[in-house]
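When reading the values below, keep in mind they use all heavy atoms of this one structure, side chains included, and skip hydrogens, waters and symmetry mates. Throughout, residue positions are numbered sequentially from 1 according to the sequence presented. Note that ligands are numbered from 1 as they come in the structure, with each ligand's atoms numbered from 1 the same way.
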Amino acid sequence: DTQLAPNAYQRATETVAYLRSELPDALKNPKVAIVCGSGLGGLAETIDPEPKVELAYAQIPNFPQSTVQGHAGKFVFGVIGPQKTPVALLVGRAHFYEGHTMDLVTFATRVCKVMGVETIIVTNAAGGLNQDYAVGDIVCLNDHLNLAGLVGIHPLRGPNVDEYGVRFPPLSDAYDLDLRKRAHKAWRELGLDKQKRRIHEGVYAFVAGPTYETRAECRMLRTLGADVVGMSTVPEIVVARHAGIRVLAFSLVTNSAVLEAGPRGDDANIQTMNKTDLDEHLGKGKATHEEVLEAGREAAKDMQALVKQILFNLHEG
Ligand code: HPA
């Protein structure tokens, strides 16, 4: 059990050697990594068309293979912005619920570290718990609840890998304040504050999945202080912070988690409802993977524009 993540540094350096062997000099040392969540793979189109290299996860040594529909798995290397900042995009990610170990879930983040990445922008699709949020809103994360981590499913469990960071890393400042300010500034610069979709700051609760939450679980998460809930991101952020990478993270609210309805709410009426009303009632607010992908498609353009604007401004002091 002490070999939870054997050779965690050596495996990443092997993978980096392979990646660099496939990349021109201009792309060998990405400064920023962007993790594209469900339906947000279009972020890969925001970078310059040239130079650009795409490498499927399937061809990358040591990489976990993504199994979820709608999550094509590839690394995209390119440049963006007036400074031609070299970036690495991760289109598709490994999730814990797929059966990967936490070591594999976070492997790509460590590969980014070894390549020299200093800043990571992580995006995801999440369920909204805060009643003030609408589907399609964007949440700039300012904190998290690592629920799986708190009970021991934690990417840093096991012997510390000193090449990355210290044994007991602090996470009280995990979500970089300067980057969050830049995100809100970019939102205003794009005029996105004048439209219906809003940007919030909020707390992300990480659950292992793959089931969506029960109503009682949604109420519990809300009580604990979570604004959104999802099945990714936190392991990557933990490993990024361990390795000293600056973190910015966005959730796209793709569905609103059901809090009120339930045995304590209007389910009290189910005895007297007719079949049509009952079907409607029980289906209400039920999260489906299709719904998540659909909301992702619609809001993805704004999210892409936002990330692009942040990247364009990154060199500004
Ligand atoms: N719960 C957990 N993960 C999610 C959700 C949700 O409601 N929506 C998108 N990812």
Side-chain angles (χ1 to χ4, degrees), residues 35-43 66-73 90-100 102 105-106 121-141 143-151 153 197-200 202-238 249-262 265 282-300 302-304:
V35 183
C36 309
S38 295
L40 295 163
L43 280 167
S66 173
T67 63
V68 203
Q69 284 166 21
H71 295 246
L90 288 142
V91 182
R93 54 150 66 90
H95 299 85
F96 183 71
Y97 62 74
E98 293 174 80
H100 300 301
M102 278 295 176
V105 167
T106 56
I121 303 178
V122 189
T123 66
N124 63 58
L129 294 163
N130 186 325
Q131 297 296 89
D132 188 37
Y133 295 0
V135 168
D137 282 358
I138 290 169
V139 186
C140 179
L141 305 187
D143 213 336
H144 71 227
L145 295 170
N146 185 359
L147 294 167
L150 291 173
V151 297
I153 304 169
R197 191 185 314 291
R198 290 190 296 155
I199 190 165
H200 310 274
V203 176
Y204 180 98
F206 169 59
V207 295
T211 46
Y212 290 113
E213 297 66 41
T214 66
R215 298 162 187 218
E217 285 162 354
C218 288
R219 289 194 297 270
M220 175 192 79
L221 295 172
R222 188 69 190 127
T223 306
L224 294 178
D227 296 298
V228 285
V229 53
M231 307 174 193
S232 68
T233 299
V234 167
E236 289 130 297
I237 284 173
V238 166
F250 297 111
S251 287
L252 177 61
V253 179
T254 51
N255 57 283
S256 115
V258 194
L259 297 148
E260 275 96 33
L282 293 176
K284 196 168 53 184
K286 199 197 283 173
T288 67
H289 191 52
E290 289 67 41
E291 172 189 37
V292 169
L293 292 178
E294 178 57 30
R297 274 190 285 277
E298 288 187 8
D302 286 351
M303 177 82 98
Q304 282 166 32

Contact between Leu145 and Val203 at the side-chain level, heavy atoms closer than 4.5 Å - yes or no? yes

Is there a side-chain contact between Phe96 and Pro235 (heavy atoms, below 4.5 Å)? no

Who's closest to atom 10 (N) of ligand 1 heavy-atom-wise, of Gly230, Cys218, Ala125? Ala125

Proximal atoms of ligand 1 relative to [X] (non-hydrogen, under 4.0 Å):
X      : value
Tyr212 : 1 (N), 2 (C), 4 (C), 5 (C), 6 (C), 7 (O), 8 (N)
Thr254 : 8 (N), 9 (C)
Glu213 : 1 (N), 2 (C), 6 (C), 7 (O)

Quick one: pull up CD1 in Ile121 and CE in Met303 and give me the separation to the nearest 0.5 Å. 10.5 Å

Measure Asn255 to ligand 1 on non-hydrogen atoms and call it side chain, backbone, both or neither using the 4.0 Å cut-off. side chain

For Ser232, give me all partners under side chain to side chain donor-acceptor pair (under 3.5 Å), at least two apart in sequence or on another chain. Arg93

Applying salt bridge (Lys or Arg N to Asp or Glu O under 4.0 Å) to Asp227 and not counting sequence neighbours gives Arg222

